[in-house]
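Take a look at the structure below.
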Protein chains: 2
Amino acid sequence: MRISELVERTGVPLATVKYYLREGLLPPGRAVGAKLSLYGEEHVRRLALIRALRDTAGLPLAGVRTVVAVIDEPSPDPVASLGRAVAALPPAIAEDRHGPYPRAAAVAREIGEHIDPESTAMAQLEDALAAAESVGLGISPERARCYAEHVRAMAEYDVAHVPSGEAARSIEHVVLGTALYEPVIAAMRRLAHQDVARSAGAGGVRAEAED
Amino acid sequence: MRISELVERTGVPLATVKYYLREGLLPPGRAVGAKLSLYGEEHVRRLALIRALRDTAGLPLAGVRTVVAVIDEPSPDPVASLGRAVAALPPAIAEDRHGPYPRAAAVAREIGEHIDPESTAMAQLEDALAAAESVGLGISPERARCYAEHVRAMAEYDVAHVPSGEAARSIEHVVLGTALYEPVIAAMRRLAHQDVARSAGAGGVRAEAED
DNA sequence: CTACGATAGATAGCAGAGCTATCCATGACA
DNA sequence: TGTCATGGATAGCTCTGCTATCTATCGTAG
């Protein structure tokens, strides 16, 4: 299809599509002569991906670039690629950051024994815990245990349902699942707060806990 | 304390503190004469709150303003205030947005029966589900059921542990808990993926699912 | 009592992200 | 043969979140 049709089908403005092409987020179309390129379904899908990562996952375009780079290239080292992609997801962590992460370590112990103490997610957890603590919302061991139990159960479902088969496809699934299911879970939790608060009774503090 | 001490204790640059004062995010100090104001512990806490909401929860300053406004004013209608505050949390939803939210409704049914179909969280869930779907990661009813179960369990813990007592304090707790525990849960989920993937065995697809 | 350094308040500038708009030359197509 | 979409380049624009500078004032040490 021509660029005008791509624009029409995705709803992304022409100037923006050109910008994404310039930035290398969207691969160039198949050139037909010097003044015409044709685009395919993969361009439609890529645009949807860019918008989803940007709008829903809140990724800056630099992060989108990292993620699509991992998805595009037939990665020689899948584990390393995956690490890079997930590290590009928000919240941002300084590259030279490293442990120890005391708060995170305590919580991680509740989750499992096979956690790399230097992974980006540890730094993210440490920051999140420190921020909560700094405003008087420190997480009790009991709460950590509760969250750990349920988060682990969801992760078990996730891992069991990663499509087996081609490695590239699995990686894409894991990266996008991490990025795009997080907002889903967050929204579901807000709804659950509503529901639980209303179920618990109509008056007092609990009724105020509606979203 | 003087402004210089406030700067020193929080690590926030002087120019930035002045900016927050200008923007009304930080209440003015107690004026002592025309050229000196004194600040207290509440200013230290407020600065920590602003930075936590901005850096960890990813709130734009306009959203921080909304949240602190709700926390500050002794709200006449707690439920309404709470709704405004939680609606200010990312991801952003257009003010005039309204249902129906078909994808979200299907998932919400798994969570509970007491959900307001017009709440902001429904719109957020709808967008998140649509985004996931648009890149081929639509959520199966089975997955929705799994997530709903565990999210609800966490929400039950949360609601049961909201401090009872003064309403203002409860509201603050709920708003900040919503905003600041989401990143905690997200990071924990990433760690759980790591752990489950490694526990499941060393080779093949599952080993690639490390973060 | 005086000089110095901190302060309040105002204003201007700046950097990065993410577009958006314009221009031009070309070439497809009617 | 004329018109219009296209590719390619470049410039500019808006918003957010600071940062820097200037000035007048004031508390306080010497």
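Numbered from 1 within each chain, the chains take letters A, B, ... in sequence-line order.
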Specify the separation, in whole Å, of atom CD1 of Ile3(B) and atom C1' of dG27(D). 16 Å
Between Arg54(B) and dT16(D), is there a contact of a side-chain N or O with OP1 or OP2 at under 4.0 Å?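 For Arg54(B), the contact criterion (side-chain N or O under 4.0 Å from OP1 or OP2 of dT16(D)) is not met.
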Looking at Ser37(A), does any N or O in its side chain come under 4.0 Å of the phosphate oxygens OP1/OP2 on dG7(D)? yes
Could you list the residues that satisfy salt bridge (charged side-chain N to carboxylate O under 4.0 Å, His left out) with Glu95(B), not counting sequence neighbours?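 If we apply the salt bridge (charged side-chain N to carboxylate O under 4.0 Å, His left out) test to Glu95(B), skipping adjacent residues, there are no hits.
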Taking NZ, NE, NH1 and NH2 as the nitrogens, is one of them in Arg190(A) or Asp195(A) under 4.0 Å from a carboxylate oxygen of the other? no
Going by an N to O cut-off under 4.0 Å, is there a salt bridge joining Glu41(A) and Arg45(A)?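 Here Glu41(A) does not pair with Arg45(A) in a salt bridge, since their nearest N and O are not under 4.0 Å apart.
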Counting heavy atoms not belonging to His114(B), are there more than 12 under 6.0 Å from its NE2?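 Above 12, so yes.
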Kindly compute the distance separating CG (Leu49(B)) from NE2 (His43(B)), expressed to the nearest 0.5 Å.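 Separation between the atoms: 13.0 Å.
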How long is the span from the NE2 atom in His161(B) to the SG atom in Cys146(A), to the nearest 0.5 Å?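 The distance works out to 8.5 Å.
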Tell me, please, the opening and closing nucleotides of DNA chain C, 5' to 3', among those with an atom under 4.0 angstrom from a non-hydrogen atom of chain A.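 Contact span on the strand: dG18(C) to dG27(C).
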Closest-nucleotide 5' rank along DNA chain D - winner of Leu59(B) and Lys35(B): Leu59(B)
Do Glu172(A) side-chain atoms and Ile71(A) backbone N/O form a donor-acceptor pair below 3.5 Å?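 Not at all, since once roles are kept as given, no pair shorter than 3.5 Å links the two residues.
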Chi angles and distances behind the salt bridge (charged side-chain N to carboxylate O under 4.0 Å, His left out) call for Glu182(A), Arg189(A): CA-CA 11 Å; Glu182(A) 275 172 16; Arg189(A) 176 168 171 261; over 6 Å; no
Counting only heavy atoms and a strict 4.0 angstrom limit, can you tell me which residues of residues 12-33 of chain A come near DNA chain C? Pro13(A), Ala15(A), Thr16(A), Tyr19(A), Tyr20(A), Arg22(A)
